[in-house]
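To start, the structure itself, in C-alpha cells.
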Protein chains: 2
Amino acid sequence: MGITKTEHFSKAQLEIAAMAKAIGHPARVAIIQYLLTVDSCICGDIVNELPLAQPTVSQHLKELKMAGLIKGNIEGNAICYCIEEKSLEKLQSFFGAILKKLEKKTTNKCC
Amino acid sequence: MGITKTEHFSKAQLEIAAMAKAIGHPARVAIIQYLLTVDSCICGDIVNELPLAQPTVSQHLKELKMAGLIKGNIEGNAICYCIEEKSLEKLQSFFGAILKKLEKKTTNKCC
DNA sequence: TTTTAATATTGCAATATTACGATATAAATT
DNA sequence: AATTTATATCGTAATATTGCAATATTAAAA
C-alpha cells in the first residue's frame, strides 16, 4: 500500500521516525554537513554544492524543513538556511538513551 | 524517478543515510524500542507487539538487518533478534559531531 | 511422521519518493 | 521597466516503500 499505519504508533515514535526519515537520503546528509561548514549560515549556493538539479535540491530542503531539521530565513532575494539545533538534540538523546539501555544489559547477550 | 544518485555521495554519507532511513518508520522505531525492553534478547513475539501483520513485521526486521541496525540468531525454530550496538554508536557520534560543530559557531547565527 | 509454531518469501495493489524540465515568483540590479 | 538572480512549484516519469494474503520453510512437539 505504501501508506504507513501512523495511528497505531506513539507521537514520540512518529516524530523520531519522521526526523530519521528526513536524514535518510545522502543528499540531505550532504546538505546538513554543508550547512555546518558555512560559518555565518549565509546560504545561497547549496545547489552548486550538490550533484543534483535545482528543483531537486529545493525539494530536499523542503523535506528537511518539514521535518524540523532546518529553518530558512528570507534575506533579500536569497534564503538563508540553518540547522535547527533542537531537533538534532532530540535525535542524539534518542540514540543516547538506547546506548545507555544497551550498556545496562551486558550480562544477558545472546548474539 | 525514485532512484537515488548514490554514485555522487561519499561512503560515509551513504552509510548514515541508509541507517537513518531504516529508522525512518515508526514500526521500526517501535521494534528497536521493544528489543531494548526484552532483557535477554529472547525474541519471538515481536509480531504480537506491533499492530501489523506478520509478513509486514518480517519485512521491517529485514530492513533493519540489512541496514546493520539489528542482528538475528537462530535459536531452534525461533529467531533471536538483538540490536547491533556499533551502528547505533555510529549514529550517535554523527549527531554528536554535528552538535559540537554547531556550538562552535554561536557567534554567527542569522536565523 | 504428522502437526504445530515461528519466521521468511512471493506476489501484488496502493501510495510515496526521487529527479528534473518547465515555469512561476520575488527581490536586486541595470 | 527590463533583466538578472535565487528559489519555489508544477507536472510527470521511473522507481521504491508499505502492507498483507497466500504460501513456503524449518525446527520442535506430539
Side-chain angles (χ1 to χ4, degrees), chain A residues 1-9 13-14 17-18 20-31 34-35 38 41-67 70-82 110-111, chain B residues 1-9 13-14 17-18 20-31 34-35 38 41-67 70-82 110-111:
Chain A
M1 295 170 182
I3 193 163
T4 298
K5 288 186 147 185
T6 53
E7 68 277 13
H8 297 295
F9 299 99
Q13 287 169 337
L14 290 170
K21 190 177 182 180
I23 300 174
H25 189 288
R28 296 194 288 266
V29 172
I31 287 172
Y34 179 63
L35 285 180
V38 276
C41 70
I42 288 163
C43 312
D45 47 9
I46 301 178
V47 173
N48 305 320
E49 284 292 316
L50 292 175
L52 296 168
Q54 179 268 323
T56 309
V57 174
S58 186
Q59 200 173 266
H60 282 305
L61 286 166
K62 193 181 179 182
E63 268 168 72
L64 286 169
K65 212 177 354 178
M66 287 197 304
I70 63 171
K71 54 189 164 181
N73 256 23
I74 297 170
E75 300 248 331
N77 66 337
I79 290 186
C80 164
Y81 279 111
C82 311
C110 75
C111 9
Chain B
M1 299 173 183
I3 191 162
T4 298
K5 289 185 148 185
T6 52
E7 67 277 13
H8 297 295
F9 299 101
Q13 287 168 337
L14 291 170
K21 191 178 182 181
I23 300 174
H25 190 289
R28 296 194 288 263
V29 172
I31 287 172
Y34 178 63
L35 285 181
V38 275
C41 67
I42 288 163
C43 316
D45 48 10
I46 299 176
V47 172
N48 305 322
E49 283 293 315
L50 292 174
L52 296 168
Q54 180 269 323
T56 309
V57 174
S58 185
Q59 198 173 267
H60 282 305
L61 286 167
K62 192 180 179 183
E63 269 169 72
L64 286 170
K65 213 179 349 178
M66 286 198 303
I70 64 172
K71 54 190 164 181
N73 257 22
I74 298 170
E75 302 247 332
N77 66 338
I79 290 188
C80 163
Y81 280 111
C82 312
C110 77
C111 8

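Order of the sequence lines fixes the chain letters, A, B, ..., with proteins taken first and strands second; residue numbering starts at 1 for each chain.
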Considering only side-chain heavy atoms of [X], which listed nucleotide, [options], is closest?
| X | options | answer |
| --- | --- | --- |
| H60(B) | dG19(D), dA19(C), dT7(D) | dG19(D) |
| A78(A) | dA6(D), dA8(C), dG19(D) | dA6(D) |
| A53(A) | dG21(C), dA8(C), dC20(D) | dG21(C) |
| P55(A) | dG21(C), dG11(D), dA21(D) | dG21(C) |
| T56(B) | dA19(C), dT9(C), dG19(D) | dG19(D) |

message: Can you tell me whether the side chain of Q54(B) and the base of dA6(C) have a donor-acceptor pair closer than 3.5 Å?
response: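 No, the side chain and the base share no sub-3.5 Å donor-acceptor pair.
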message: Between the base of dA8(C) and the side chain of Q59(B), is one N or O donor paired with an acceptor at under 3.5 angstrom?
response: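 Looking at the base of dA8(C), it does not pair with any donor or acceptor on the side chain of Q59(B) (distance under 3.5 Å).
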task: For A27(B) and for S58(A), find the nucleotide of DNA chain D with the closest heavy atom, then tell me which residue's nucleotide is more 5'.
output: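 Mapping each residue to its closest nucleotide by heavy atoms, the 5'-most match is S58(A).
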message: Please classify the nucleic acid contact of E63(B) as base, sugar-phosphate, or nothing, using heavy-atom distances under 4.0 Å.
response: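 Counting heavy atoms under 4.0 Å across all strands, the contact made by E63(B) is with sugar-phosphate only.
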query: Which of parallel (below 30°), tilted (30 to 60°) and perpendicular (above 60°) describes H60(B) and H25(B)?
result: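 Judged by the thresholds at 30° and 60°, the geometry between H60(B) and H25(B) is tilted.
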Just the rounded figure in Å: distance from [atom2] of [N] to [atom1] of [X].
| X | N | atom1 | atom2 | result |
| --- | --- | --- | --- | --- |
| K62(A) | dA19(C) | NZ | P | 16 Å |
| H25(B) | dT17(D) | NE2 | P | 12 Å |
| N73(B) | dA6(C) | CG | C1' | 16 Å |
| I79(B) | dA28(D) | CD1 | P | 12 Å |

query: Are Y81(A) and dA8(D) close enough that a side-chain N or O sits under 4.0 Å from OP1 or OP2?
result: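 Y81(A) to dA8(D) OP1/OP2: side-chain N or O found under 4.0 Å.
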- prompt: Is the phosphate of dT17(D), meaning OP1 or OP2, less than 4.0 Å from a side-chain N or O of K21(B)?
  reply: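 Yes, K21(B) has a side-chain N/O under 4.0 Å of OP1/OP2 on dT17(D).
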Is there a side-chain contact between [X] and [Y] (heavy atoms, below 4.5 Å)?
| X | Y | result |
| --- | --- | --- |
| K65(A) | I70(A) | yes |
| I46(B) | L35(B) | yes |
| Q59(A) | P55(A) | no |

